Amino acid sequence: VPDVDLLVLGGGLAGLSLAERLAAAPGARVSAAVLEARSVYADDRTWCFWRLAPHRYEALSASSWSRVMVRDGAREAVVDCAATPYQMIPSIAFYQRAEQVIRASAQATLKLGSGVPGAPQRDGDGWRVEAEDGQVWRARYVVDTRPPSTKPESILWQSFIGDVVVADRDVFDPGVAVLMDFDDQCVDGVQFAYVLPTTPREALVETTVFGVRGLSPRQLRERHDDVLRARVGEGGVSVRRSEHGVLPMGHAPAPARAGVVHASLFHGGARASTGYAFTRVQAWADECAAALLRGAPPTAPRPDPWPRRAMDEIFLRVLRARPERGAAMLTRMFARADGAGLVRFLSDAGGIVDSLSVMRSLPPGPFLRAAWQMMKGVPCRGGA
Ligand SMILES: Cc1cc2nc3c(=O)[nH]c(=O)nc-3n(C[C@H](O)[C@H](O)[C@H](O)COP(=O)(O)OP(=O)(O)OC[C@H]3O[C@@H](n4cnc5c(N)ncnc54)[C@H](O)[C@@H]3O)c2cc1C
């Protein structure tokens, strides 16, 4: 007899989103356990996304912006997104809420400090999983949200470091989220600052590089100090917290265990061309929980439709081949494409008209060359 119906390996965004839905379902009939390596959650990231529709985490939103901006030197492109504001959810609020909902449920369990080092093993018609703490679990189904132990090759890597800074005077405009403020001195990729001001004195300021290799916090820190100096000046600044990430953009399929549902960032959780994952993970968690609650097996994240996959790959090939043109191309895209359509396109909700508007905003030459190379199968992926 299995210990639980479902074992979820990894209790981050994907694992907790799924477990929370199962725990909160009225009269829940699916027993689930989440095995998470961390022993305590920290405020380690913020999730931003355009709010295209009401969602279950409205109460967790700490800030939102009705305008977003992209800047390349003197050229600025502002998109009005008042109808679909750019929302921010602090991860700690998300983790705490998920912990509460799961702990209040008789059906779900969250085991912190319970890393799972190996692959799940077949056990009759279910699975057997051994955690680091020695506990053995048996389950009918396994959903694995752990990152793969070896990073797959990827067209580009998105590396970033960010600080929530508080200045001693007004330096930010909380009316606008700066998505990309490009640095044209960067020689190893496309570099930009991402600035999310929550008050005139406080903002999350990040330095991001889209490059062929991932960068460590140490490699990013020097560039980031320059970014901070340019925005806030010397002195008079305190740092409330920091975050760092290296996300794949257009990676090769990550290793998967047959019969196990994989649902991490590396298995369809994130959009290839942007790294945005929050709304995609929520859509997957809705579908997967619904399947389990009607007695069906869990479902994997849906693959992107081929036109989106192709557009993303072409776009990433262009940025990899011509990083020096990235700033001008992305600013042009924000300036020329229909704003509402661009937001839908970036949020996986765009239709054919939105895709055409985005395509028309971009210079055709490099994109046609990259499309031709993609069709010929010219390799485009490299190391982590
Ligand atoms: C700093 C940062 C900021 C981001 N900002 C945004 C954003 O603004 N918008 C957006 O859409 N996306 C954003 N992302 C991308 C994406 O949304 C996040 O990375 C998201 O957390 C991915 O969800 P996940 O469940 O795949 O991975 P995670 O949330 O990282 O969850 C994986 C979990 O598995 C656990 N784990 C690892 N190994 C084991 C093991 N052996 N056994 C058990 N547990 C294990 C980890 O501790 C972790 O809790 C951001 C990413 C980072 C790193």
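It should be emphasised that the depicted structure is a prediction, and the values quoted were computed from it without experimental measurement. Heads up: numbering here begins at 1 and tracks the sequence.
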Do R369 and R317 have side-chain heavy atoms sitting under 4.5 Å apart? no

With a 4.0 Å cut-off on N to O distance, would you call D354 and R344 a salt bridge? yes

For a 4.5 angstrom cut-off between non-hydrogen side-chain atoms, does L7 reach W127? no

Are D43 and R240 close enough for a salt bridge, meaning some N to O gap below 4.0 Å? no

So, does T145 use its side chain to make a donor-acceptor pair with the main chain of A14 at under 3.5 Å? no

Just by modelled atom types, is the G351 backbone N or O under 3.5 Å from a matching donor or acceptor in the S355 side chain? yes

Neighbour count >12 (heavy atoms, 6.0 Å) for atom CZ, R218: no

Under 3.5 Å, is there a donor on one side chain and an acceptor on the other for R21 and Q282? yes

Residue pair E202, T199: steps toward the side chain to side chain donor-acceptor pair (under 3.5 Å) verdict: CA-CA 5 Å; E202 182 169 327; T199 74; 5.1 Å; no

Report yes or no: does S347 contribute a side-chain atom to a donor-acceptor pair with the main-chain N or O of A349 at less than 3.5 Å? no

Should we say atom CG of D170 is surrounded by more than 12 heavy atoms from elsewhere, each under 6.0 Å from it? yes

For T299, is there any backbone N or O sitting under 3.5 Å from a side-chain donor or acceptor partner on W284? yes

Taking side chain as C-beta onward, heavy atoms only, is F192 less than 4.5 Å from V178? no

d(H267 NE2, R146 CZ) to nearest 0.5 Å is 10.0 Å

With a 4.0 Å cut-off on N to O distance, would you call D80 and R67 a salt bridge? no

Ion pair present between E243 and R241, side-chain N to carboxylate O less than 4.0 angstrom? yes

In terms of the angle between their ring planes, are F94 and F278 parallel, tilted or perpendicular, with boundaries placed at 30° and 60°? perpendicular

For residues R325 and P363, determine if any side-chain heavy atom of one lies less than 4.5 Å from a side-chain heavy atom of the other. yes

Under a 3.5 Å distance rule, please check whether S31 uses its side chain to pair with a backbone N or O of D5 as donor and acceptor. yes

Cationic N near anionic O, under 4.0 Å, D72 to R75: no

Flag the pair D348 and R280 as a salt bridge only when some basic side-chain nitrogen lies within less than 4.0 angstrom of an acidic carboxylate oxygen. yes

Donor-acceptor under 3.5 Å (R169 side chain, V232 main chain): yes

I'd like to know whether I89 forms a side chain to side chain contact (heavy atoms under 4.5 Å, CB included) with T46, so could you lay out the CA-CA distance, the side-chain angles of the two residues, the decisive distance to 0.1 Å, and finally the verdict. CA-CA 6 Å; I89 293 183; T46 49; over 6 Å; no

Given side chain to side chain contact (heavy atoms under 4.5 Å, CB included), test F182 with L330 step by step and report yes or no. CA-CA 10 Å; F182 292 101; L330 286 159; 3.8 Å; yes

Check the pair V195 / R231 against side chain to side chain contact (heavy atoms under 4.5 Å, CB included), numbers first and verdict last. CA-CA 10 Å; V195 185; R231 290 182 175 274; 3.7 Å; yes

State yes or no: do V209 and L247 share one hydrophobic cluster built from I, L, V, M, F, W and Y residues joined by side-chain heavy-atom distances below 4.5 Å, directly or via other members? no

With the side chain counted from C-beta on, respond yes when L362 and R332 share a heavy-atom pair under 4.5 Å apart, and no when they do not. no

Should V68 and M88 be counted in the same cluster of Ile, Leu, Val, Met, Phe, Trp and Tyr side chains packed under 4.5 Å apart? yes

Does D3 reach the main-chain N or O of R138 with its side chain, forming a donor-acceptor pair under 3.5 Å? yes

How many angstroms lie between CZ in F315 and CE in M329, if you round to the nearest 0.5 Å? 6.5 Å

Does the side chain of S154 come under 3.5 Å of the side chain of H251 through a donor N or O and an acceptor N or O? no

Return yes when atom CD of E58 has more than 12 non-hydrogen atoms of other residues, nucleotides or ligands closer than 6.0 Å, and no otherwise. yes

R221 and D163: CA distance, side-chain angles, deciding distance, salt bridge (charged side-chain N to carboxylate O under 4.0 Å, His left out) verdict: CA-CA 10 Å; R221 184 45 79 180; D163 297 315; 3.0 Å; yes

What I want to find out is whether R360 reaches D338 closely enough, with some N-O distance under 4.0 Å, to be called a salt bridge. no

Within this structure, what is the SG-CG distance for the pair C81 and L346, rounded to the nearest 0.5 Å? 11.0 Å

Classify the ring geometry between Y41 and Y95 as parallel (under 30°), tilted (30 to 60°) or perpendicular (over 60°). parallel

Measure from the side-chain N and O atoms of R128 to the backbone N and O of Q121, and report whether any donor-acceptor pair falls under 3.5 Å. no

Report the C-alpha separation of V142 and V261 in whole Å, then their side-chain angles, then the decisive distance to 0.1 Å, and conclude whether the side chain to side chain contact (heavy atoms under 4.5 Å, CB included) test is met. CA-CA 6 Å; V142 174; V261 166; over 6 Å; no

I'd like to know if F49 and L18 are part of one continuous hydrophobic network [Ile/Leu/Val/Met/Phe/Trp/Tyr, side-chain heavy atoms within less than 4.5 Å]. yes

Just checking, is any N or O donor in the side chain of E206 or H224 under 3.5 Å from an acceptor N or O on the other one? no

Salt bridge or not for R309 and D304, using N-O below 4.0 Å? no

Look at the side-chain heavy atoms of Ile, Leu, Val, Met, Phe, Trp and Tyr, link any pair under 4.5 Å apart, and say whether F345 and M333 land in one connected group. yes

d(S114 OG, E36 CD) to nearest 0.5 Å is 9.0 Å

Heavy-atom side-chain proximity of L293 to L22 below 4.5 angstrom: yes

Around R302, counting heavy atoms of other residues, nucleotides and ligands shown, do more than 12 lie under 6.0 Å from its CZ? no

Report the C-alpha distance between R223 and D188 in whole Å, list the side-chain angles of each, state the deciding distance to 0.1 Å, and finish with yes or no for salt bridge (charged side-chain N to carboxylate O under 4.0 Å, His left out). CA-CA 12 Å; R223 304 178 195 209; D188 56 357; 2.6 Å; yes

Is a donor from one side chain sitting under 3.5 angstrom from an acceptor on the other, for Q191 and T208? no

Suppose we call two aromatic rings close when their centres sit under 6.0 Å apart. Are Y194 and F160 close by that rule? no

Is it the case that the side chain of W47 and the backbone of T279 share a donor-acceptor pair, with hydrogens and angles ignored and the cut-off at 3.5 Å? no

Would you call the rings of W50 and Y86 parallel, tilted or perpendicular, where under 30° means parallel and over 60° means perpendicular? tilted

If you measure from CG on L316 to CD1 on I155, what distance do you get to the nearest 0.5 Å? 5.0 Å

Under a 4.5 Å side-chain heavy-atom rule over Ile, Leu, Val, Met, Phe, Trp and Tyr, are V239 and V227 clustered together? yes

Is there side-chain contact between L16 and L110, with at least one heavy-atom pair below 4.5 Å? yes

Using side-chain heavy atoms (C-beta onward) and a distance below 4.5 Å, is L196 in contact with C48? yes

Quick one: pull up CD in Q158 and CE in M249 and give me the separation to the nearest 0.5 Å. 5.0 Å

Could you tell me whether the side chain of H262 and the main chain of V143 form a donor-acceptor pair under 3.5 Å? no

